[in-house]
Amino acid sequence: MPRSGVGGARYAEPVPEDPAANTPVPWWILGDDEREPGIVLATPLLRGASGLGAGSAVNPAADAAAPLRIALAELPAFVAERERAGQTRWVWSDTAHWYPRLLDAGVRVARCHDLRLCHAILARSERVADPAELRAAAEWDAVAAPPPPRPLESEPPALFELGAEARTPAGTDAVPHDATAARAEFLRQRAASAAAPRLRTLLAAESAGALIAVEMSAAGLPWDTAEHERILESQLGPRPALGAKPERMLALAEEVRAALGDPSAHLDSPPKLVPALRRAGIDVASTSQWELAEHEHPAIPPLLAYKKLGRLLTANGWSWIEEWVRDGRYRPVYVPGGVPTGRWASSGGGALQIPRQLRPVLRADPGWRLVTADVSQLEPRVLAATAGDRALAAAARGTDLYAGIVRSGAVSTRDEAKFAVLGAMYGATTGESGRLAPRLRKSYPRAMALVDRAASTGEQGGQVSTLLGRTSPRPDAAWADTQARASLPGATATDEARARSSAREFGRFTRNFVVQGTAAEWALAWLASLRSRLAALPAATTAPPASASGPLFASRAHLVFFLHDEVIVHTPAEHAELVADAVRAAAADAAQLLFPGAPVDFPLDLAIVERASAK
DNA sequence: GACTGCGGCGCG
DNA sequence: AAAGCGCGCCGCAGTC
């Protein structure tokens with residue numbers, strides 16, 4: 001199989017192993033005692049003493065330290081003590097399994113190694129020379145279990161309720177939580193990553209993300225329910241009875257039916273609506289808004305408005321508030337590593353799809369502020385830095401990369417620049433975007449060569465890797481069948497066309513994978529550094545406690561939202577400027593960690609506000 | 001009634 | 001406005 005990683009133009013020093021620290025860290029492996037329920041075994045492994053230094057192999061002889069036996073109820077105190085004593089990295093099966101009970105007890109940890117997430121990276125990475133043993137440990141392949149649906153009347157778990165079953169229903173998460181399995185897997189992972197320092201950086205960043213995901217769920221996103229309801233009423237009208245449509249939607253539906261001359265037209269069913277539209281002379285093949293917008297007809301404007309309101313109602317209406325918001329906090333479940341590229345996914349309430357029109361509903365507690373920041377054009381900047389494309393890097397100097405491309409003369413308008421760049425990263429071949437590709441290829445040959453090579457690897461069924469070594473999945477068996485069929489003697493033109501089309505499709509996926517995935521690594525590094533910078537800030541002295549955020553965060557700045565290239569920190573007002581500085585410094589840390597010395601800017605759009613803006 | 005596939009649309 | 005990547009969630013409709 002052809003393979004192409006992201007070469008990673010090096011500008012200066014090699015990437016250090018750990019984005020969070022360069023100091024030696026003792027490792028403690030936590031796991032259940034299989035023979036005695038309620039007992040946790042904690043096994044210390046000291047870097048240096050046990051061959052755990054950067055780049056080293058595992059030394060089995062040193063892996064003989066006797067585990068400590070700790071009653072489950074004593075675990076938070078034990079962990080807190082180790083955290084106070086110095087830098088520790090906790091090795092555990094699954095952060096979502098272990099960390100909530102520590103947070104509930106008011107204990108935060110600085111670092112962890114999430115065996116489930118790290119296994120997923122290592123078992124797939126083409127940078128692991130000999131992954132056989134790791135891949136054989138299939139019990140670690142479990143994906144994150146989706147949390148059970150939250151019963152409406154459920155009470156929050158008691159503060160010291162520590163039984164595993166309190167948070168994790170039996171049988172839904174398959175990774176082992178016992179100490180024996182954890183130690184064996186950890187040693188496999190250390191061996192697998194021994195010669196791959198960038199992979200170790202990725203493992204540390206991924207694990208930091210896992211901590212942040214749990215912490216953000218615990219703290220919750222400050223949610224102004226009254227403002228949310230005001231927006232709903234202003235657009236939909238008063239809250240309707242259960243099962244009824246809001247009056248604005250009913251009125252719009254009547255308007256559509258009248259304009260169509262079809263009193264029984266069913267607006268909620270595309271298979272029924274398309275024929276109804278065609279009967280009225282509107283020649284559409286679907287009911288998607290972009291197609292509808294191309295037609296002039298009195299039924300179109302009210303239909304588009306109806307669809308927009310319907311979306312607001314079903315995705316984020318009154319019942320969404322009842323289901324997801326408690327005590328002024330929205331608490332989604334984040335799924336780190338939920339996307340093959342390394343982006344996060346989420347589960348529950350559509351946390352990563354909060355419509356921009358509802359952003360003003362995010363409001364800081366009294367005496368607190370939100371620090372919101374997003375990176376301008378993260379992906380093309382990551383592409384410029386990864387490819388070592390100095391021309392694109394030069395265009396990226398300053399806050400608007402697209403304007404820089406226009407200045408360079410490659411294209412003539414900002415919109416053209418945007419379409420050309422997005423098309424290059426997504427693999428567009430037709431339309432405006434495809435037409436502009438050759439001009440981009442001429443002006444930025446190194447950047448384009450990187451994505452073109454990734455695409456060609458994918459078209460041949462190969463795998464590609466991000467800068468730090470996350471590797472794309474192989475195409476599935478059906479894909480391989482389609483390709484094989486096309487090269488058989490009796491292959492028809494249809495077989496060949498189908499094969500070509502699916503090859504191109506997979507090529508677009510691998511093309512985008514290297515950019516999206518490396519951007520996700522940049523964002524994780526940003527997040528990890530920001531988290532440790534926030535932890536170093538003092539507790540608030542003047543702001544009233546944000547008690548809904550939990551004991552750990554009631555008086556301290558904390559992350560509350562992360563969306564691919566965007567973060568929101570909830571902070572006591574007195575620390576807002578310090579937090580803003582931390583956000584900027586963390587971005588510089590991320591750039592330095594991934595692209596040391598690279599002449600590429602990563603400018604932030606940052607604001608200190610009481611209420612988020614819709615933009 | 002539970003499940004799945006699909007169209008549609010929100011986010012980056 | 002342009003159509004090419006990655007997601008989650010909803011309602012509908014067909015199936016078991």
Side-chain angles (χ1 to χ4, degrees), chain A residues 146 149 243 245 266-274 284-294 303-304 306-317 319-320 323-324 332-359 374-380 382-383 413 415-437 451 454-455 458 464 466 472-473 501 504-520 522-523 561-567 614-615:
Chain A
K245 288 245 163 70
H266 195 335
L267 307 195
D268 296 326
S269 166
K272 289 177 184 163
L273 183 56
V274 167
V284 290
S286 77
T287 67
S288 64
Q289 51 189 349
W290 64 266
E291 188 173 357
L292 291 173
E294 285 170 2
L303 177 55
L304 290 174
Y306 175 90
K307 289 163 75 79
K308 202 150 201 77
L309 293 184
R311 166 76 193 189
L312 178 62
L313 176 70
T314 58
N316 298 100
S319 52
W320 182 91
E323 186 176 1
W324 291 105
V333 174
Y334 298 93
V335 185
V339 180
T341 58
R343 275 187 173 184
W344 288 15
S346 72
S347 155
L352 306 187
Q353 303 132 261
I354 299 168
R356 302 236 50 130
Q357 72 171 139
L358 287 184
R359 291 297 174 92
D374 64 81
V375 197
S376 312
Q377 304 125 8
L378 176 59
E379 292 191 357
V382 160
L383 173 57
T413 70
D415 275 0
E416 276 190 340
K418 187 170 178 176
F419 265 83
V421 167
L422 291 177
M425 295 189 303
Y426 293 165
T429 53
T430 61
E432 181 77 356
S433 202
R435 188 173 67 72
L436 291 165
V451 288
V464 297
T466 59
S472 65
S501 155
R504 292 246 168 86
E505 187 185 344
F506 202 70
R508 289 194 298 274
F509 167 64
T510 50
R511 170 191 292 271
N512 187 245
F513 185 96
V514 295
V515 181
Q516 186 183 116
T518 305
W522 191 97
F561 192 62
F562 168 54
L563 180 53
H564 309 320
D565 62 358
E566 176 184 354
V567 299
K615 266 221 220 117

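A note on names: the letters A, B, ... follow the listed sequences, proteins ahead of strands, and every chain is numbered from 1.
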Here the distance between atom C1' of C:dA3 and atom CD of A:Gln289, to the nearest Å, is 14 Å
A:Lys307 NZ to B:dG8 C1', in whole Å, measures 6 Å
Between CD of A:Glu416 and C1' of C:dG4 the distance, given in whole Å, is 17 Å
Taken to the nearest whole Å, CH2/A:Trp320 to C1'/B:dC11 is 14 Å
Working note: A:Arg435 + A:Glu432, criterion salt bridge (Lys or Arg N to Asp or Glu O under 4.0 Å); need CA distance, chi angles, decisive distance, verdict.
CA-CA 5 Å; A:Arg435 188 173 67 72; A:Glu432 181 77 356; 3.2 Å; yes
To the nearest angstrom, the CG-P distance between A:Leu352 and B:dG10 comes to 16 Å
Of B:dG10, B:dG12, C:dC7, the nucleotide closest to the side chain of A:Ala345 is C:dC7
What is the nucleic acid contact for A:Asp415, judged by heavy atoms within less than 4.0 Å: base, sugar-phosphate only, or nothing?
base
Ranking B:dC11, C:dA3, C:dC7 by distance to the side chain of A:Leu563, first place goes to B:dC11
Checklist line | Backbone of A:Gly507 reached by a side-chain donor or acceptor of A:Thr510 within 3.5 Å | finding: yes
Can you check whether A:Ser269 has a side-chain N or O nearer than 4.0 Å to OP1 or OP2 of C:dA13?
yes
Q. If you measure from the Lys or Arg side-chain nitrogens to the Asp or Glu carboxylate oxygens, is any gap between A:Lys307 and A:Glu291 under 4.0 Å?
A. no
Check: A:Arg511 side chain, A:Ala424 main-chain N or O, donor-acceptor pair, under 3.5 Å = yes
Rounded to whole Å, the CG-C1' distance (A:Leu313 to B:dC9) equals 14 Å
Check: Taking only side-chain nitrogens and oxygens of A:Thr429, does any of them come within less than 4.0 Å of OP1 or OP2 of C:dG4?
Finding: no
Whole-Å distance, A:His564 NE2 to C:dG6 P, equals 13 Å
> Can you find a side chain N or O atom of A:Thr287 that sits less than 4.0 Å from OP1 or OP2 on B:dG8?
Replying inline: yes
